[in-house]
Amino acid sequence: MCGICGILGEKAGNADALSRMLQAIAHRGPDDEGTFSENNIALGHRRLSIIDLSKNGHQPMLSADNRIAIIYNGELYNYKSLKLELQRVQAGETNARAYAFNTQSDTEVILAAYLRWGTDCLKYLNGMFAFAIWDKEKKELFIARDRLGIKPLYYWHDGKTFAFASEIRALLKSGLVPKKINNGALYDYVTNQTVHNPHTIIENVRMLMPGHYTLIKDGDISGAKQIKYWSLFDIKKQSEEKPYAEICKDVQDILTDSVEMRLVSDVPFGAFLSGGIDSSLIVAMMSKYMKQPVKTFTVGFEEATFDEGPYARQIAKQYNTEHHDIRLSLKLFLDKLPEALSGLDHPSGDGMNSYVVSEATKKEGIKMVLSGLGGDELFAGYPLFKRLYDLEKMNWVSGFPKPIVSLPAHIYKLYNNSSSAEKLVELMNLPNWKTETTYPVMRRAISVSEAAKLLDTKEGYTREYKADASLDILSKLSVYELSNYIPDILLRDTDQMSMAHALEVRVPFLDYRLVQYVIGLNDATKFPTTPKKLLIDSTKGLLPDNIINRPKMGFTFPWAGWMRSELKTFCEGNMIGLSKRPQFNKDNVQYLWKSFLSNNKKTPWSKIWHLVVLEHWLKENEIDG
């Protein structure tokens with residue numbers, strides 16, 4: 001796990017620019033630094049050593065014939081089996097040569113795979129990664145990102161110079177990228193608390209999309225395009241489904257293999273353990289394959305209302321883990337907010353808790369952890385799935401005249417004038433209740449009409465929600481969650497907050513093989529009675545009933561109270577600052593803040609916080625209005 005950056009083209013010889021980029025991502029790789037430059041290409045790497053800790057793992061890494069240079073951020077979980085394949089030539093493989101490896105690193109396996117298969121090497125890789133390969137002979141730059149978007153990669157170009165990096169801040173620090181707000185992304189951020197790929201909050205800085213790569217040939221920077229090699233939107237429903245018992249066995253086998261593959265490490269590692277179903281299952285499966293006790297980490301709170309410690313301790317005892325129960329006070333968490341906000345590479349309405357958990361875990365000498373992230377999104381664990389499932393089943397009602405359909409919602413709003421009532425009215429007024437229509441409404445923090453009042457700019461990107469037509473309702477929702485909420489909020493926040501402490505997080509539930517299999521199943525298999533029943537039945541016997549049946553908690557803090565007291569000055573200053581930016585309507589932004597202060601039910605803290613974070617981030621990174 002590392003940080004990478006590079007410059008191709010006219011400004012590639014600017015050594016100071018590359019140096020500044022490397023310094024900006026130094027926290028991602030405290031173990032080593034390396035650079036490579038020739039003619040019109042410069043590559044930089046910061047290393048967090050996880051596999052092959054020797055100097056042989058130094059990057060940029062060159063092929064034996066010095067033709068290929070690679071910089072790489074991530075982990076390749078099938079690198080050992082792939083290495084064996086690359087050490088021999090199969091019958092019928094023309095122009096292929098067995099590769100003689102010089103290191104034990106997974107980096108060299110990617111390098112060798114590229115030499116064997118070119119850009120098709122991506123089809124063979126199972127892992128989380130973002131990498132860049134420079135082919136001296138072909139004069140080509142090849143940059144790629146993993147299928148689910150676990151590892152980030154951003155780029156910018158002006159037609160003459162192409163720059164890329166693991167973090168936006170590295171691009172901004174280069175001095176090459178104009179620090180301008182992307183006006184078209186503001187609607188997306190204001191409504192969704194994030195900016196969805198491929199766009200970012202900075203003008204002309206784009207995120208390489210999950211499952212995509214870019215190939216720049218012969219210095220043709222203006223022709224740089226994102227090319228798809230894998231997509232959630234291409235997954236189809238299985239034509240014939242097996243008996244339920246066989247499906248459960250398949251899920252168990254794939255998930256178990258996914259966990260086992262992610263246990264390869266040359267440094268101390270452990271697991272985040274909240275005591276919920278997903279993280280508890282990961283720990284249970286780790287215990288099956290590890291000779292020594294699993295190191296588990298729970299960050300709990302002294303206040304019982306927010307503490308999941310008892311459930312985590314129960315699992316730790318059951319599986320005899322080396323458990324670290326880290327106690328925090330809400331005051332200490334609050335005190336950490338300023339440095340957590342500084343850890344944000346892109347503004348977000350979420351992620352503060354990930355910063356505190358990662359910091360506490362790293363202090364215990366851990367460099368890598370496994371996480372249960374992705375279980376809810378893949379196995380329909382959120383209440384959102386059931387609500388939108390039921391709504392689509394009632395889609396025939398949406399064909400009636402809108403005044404009749406929306407009347408109950410309007411009556412409800414009269415007696416409960418809250419943000420939830422407003423969302424209900426918005427849903428009832430939709431042209432239909434299919435998932436591609438209802439999902440974006442349910443995931444918004446602020447409605448489109450409210451955003452239009454806050455923003456004076458009329459620019460905005462549109463986003464289509466189109467899963468394969470063959471999929472059932474819950475599978476379509478999983479596709480939307482895994483292509484929007486997961487990569488652009490949860491994974492991005494997890495990456496930036498964990499890597500702020502040079503901590504690697506691995507996510508077994510997001511193995512693409514498991515994702516493809518589960519999404520291809522029908523709804524009756526995944527949700528016959530209760531949420532995540534397929535996952536629970538597939539791992540029967542691993543968890544006690546009280547863990548399976550306990551209500552979801554998660555990290556929920558008294559944000560509203562803080563923002564009206566301890567954080568009031570901070571929030572108010574940023575809301576005023578945001579209101580003065582030319583893209584925003586000053587009166588309406590300040591009205592929203594006053595509405596929150598007066599405890600108006602229509603203005604919960606969740607409509608405010610991401611706007612506070614936006615202004616703080618823009619100001620800290622000196623972004624022009």
Side-chain angles (χ1 to χ4, degrees), residues 168 178-196 199-205 341 344 346-350 410 413 417-427 429-430 440-463 484 488-489 559-560 562-564 567-625:
I168 293 174
K179 296 183 175 184
K180 296 286 186 182
I181 294 177
N182 181 357
N183 290 336
L186 284 176
Y187 264 109
D188 198 6
Y189 184 85
V190 170
T191 55
N192 295 300
Q193 306 185 63
T194 190
V195 178
H196 291 99
H199 309 290
T200 73
I201 201 67
I202 302 298
E203 186 175 88
N204 294 327
V205 171
L341 287 171
L344 284 172
H346 189 284
S348 170
D350 203 356
H410 283 289
K413 186 179 176 182
N417 191 18
S418 63
S419 60
S420 59
E422 284 186 325
K423 184 156 287 190
L424 181 60
V425 170
E426 192 176 0
L427 284 168
N429 284 325
L430 290 173
V441 172
M442 290 300 286
R443 270 297 178 203
R444 287 180 194 136
I446 290 179
S447 69
V448 170
S449 59
E450 286 180 289
K453 294 176 183 176
L454 295 174
L455 290 162
D456 278 342
T457 176
K458 303 304 177 189
E459 300 178 50
Y461 301 119
T462 57
R463 190 170 184 82
N484 294 279
D488 298 326
I489 295 182
W559 286 105
W562 283 343
M563 291 165 66
R564 293 189 185 103
L567 290 174
K568 182 181 177 183
T569 300
F570 175 76
C571 292
E572 191 162 72
N574 281 298
M575 289 297 283
I576 291 172
L578 193 69
S579 73
K580 293 178 179 178
R581 290 189 179 268
Q583 298 89 347
F584 286 84
N585 183 292
K586 180 178 181 179
D587 292 339
N588 289 337
V589 171
Q590 293 189 9
Y591 174 81
L592 187 71
W593 172 243
K594 290 174 183 176
S595 175
F596 166 74
L597 289 179
S598 65
N599 284 300
N600 190 324
K601 289 182 179 179
K602 292 172 62 177
T603 315
W605 69 269
S606 56
K607 286 188 176 182
I608 302 291
W609 179 247
H610 69 296
L611 301 179
V612 171
V613 173
L614 174 63
E615 173 59 21
H616 175 82
W617 191 90
L618 293 172
K619 191 166 47 182
E620 188 167 85
N621 288 278
E622 302 176 327
I623 309 302
D624 296 333

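K607 has its side chain within reach of E450: a pair of non-hydrogen atoms, C-beta onward, lies under 4.5 Å apart. L427 places a side-chain heavy atom less than 4.5 Å from the side chain of M442. Residues L454 and N585 have side chains not in contact (no heavy-atom distance under 4.5 Å, counting atoms from C-beta outward). Under the 4.5 Å side-chain criterion, counting only non-hydrogen atoms from C-beta, I608 is in contact with M575. You'll find the side chain of F570 reaches within 4.5 Å of the side chain of L341, heavy atoms only. Contact of the N621 side chain with the W617 side chain is registered, since non-hydrogen atoms from C-beta on lie closer than 4.5 Å. Residues I202 and H346 are not in side-chain contact: their nearest non-hydrogen atoms beyond the backbone lie 4.5 Å or more apart. Between L592 and L611, some side-chain heavy-atom pair lies under the 4.5 Å cut-off.
Among residues two or more places apart in sequence or in another chain, the salt bridge (charged side-chain N to carboxylate O under 4.0 Å, His left out) test is passed with E426 by R444. Applying the side chain to side chain donor-acceptor pair (under 3.5 Å) rule to T569 yields no partners; only residues at least two apart in sequence or on another chain are considered.
The environment of NZ in K568 is sparse: at most 12 heavy-atom neighbours from other residues, nucleotides or ligands sit within 6.0 Å.
A side-chain N or O of D188 and one of H196 form a donor-acceptor pair less than 3.5 Å apart. Side-chain contact, K619 with N574: a donor N or O sits under 3.5 Å from an acceptor N or O.
To the nearest 0.5 Å, atom NE2 of residue H610 and atom CD1 of residue I489 are 10.0 Å apart. Residue L618 holds its CG atom at 7.5 Å from CG of L578, rounded to the nearest 0.5 Å. N204 CG to N182 CG: the interatomic distance, rounded to the nearest 0.5 Å, is 7.5 Å. With rounding to the nearest 0.5 angstrom, the OG atom of S348 is 7.0 Å from the CD atom of Q193. With rounding to the nearest 0.5 Å, the separation of CD in E615 from CD1 in I576 is 10.5 Å. The OG1 atom of T194 sits 12.0 Å away from atom CZ of R443, with the distance rounded to the nearest 0.5 Å.
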Hey, mind stepping through K594 and Y591 against side-chain contact (heavy atoms from CB on, under 4.5 Å) and telling me if it holds?
-> CA-CA 5 Å; K594 290 174 183 176; Y591 174 81; 5.6 Å; no
Could you check Y187 against V195 for side-chain contact (heavy atoms from CB on, under 4.5 Å), going step by step and ending with a plain yes or no?
-> CA-CA 9 Å; Y187 264 109; V195 178; over 6 Å; no
CA sep, side-chain torsions, deciding dist, call: L597, E572, side-chain contact (heavy atoms from CB on, under 4.5 Å) | CA-CA 10 Å; L597 289 179; E572 191 162 72; 3.9 Å; yes
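S595 contributes no side-chain N or O that, together with a main-chain N or O of T603, makes up a donor-acceptor pair within less than 3.5 Å. Using a distance-only test at 3.5 Å, with no hydrogens or angles considered, a donor-acceptor pair links the side chain of R564 to the main chain of F596. With D456 contributing its side chain and Q583 its backbone, the two residues share no donor-acceptor pair below 3.5 Å.
Contact detail for I201 and P347: the closest heavy-atom pair is CG2-CD, 3.9 Å. Taking each heavy atom of V190 and A451 in turn, the nearest pair found is CG1-CB, 3.9 Å. Between W593 and C571, the shortest heavy-atom distance links the atoms CH2-CB, 3.5 Å. Smallest separation of non-hydrogen atoms from Q590 and S579: NE2-OG, 3.1 Å. Among all heavy-atom pairs drawn from A445 and S606, the shortest one is CB-O, 4.0 Å.
Here the rule is side-chain contact (heavy atoms from CB on, under 4.5 Å) with I181, and of I623, L614, D624 only I623 fits it.
Relative ring orientation between W605 and W559 is described as parallel, the plane-to-plane angle staying below 30° on a 0-90° scale split at 30° and 60°.
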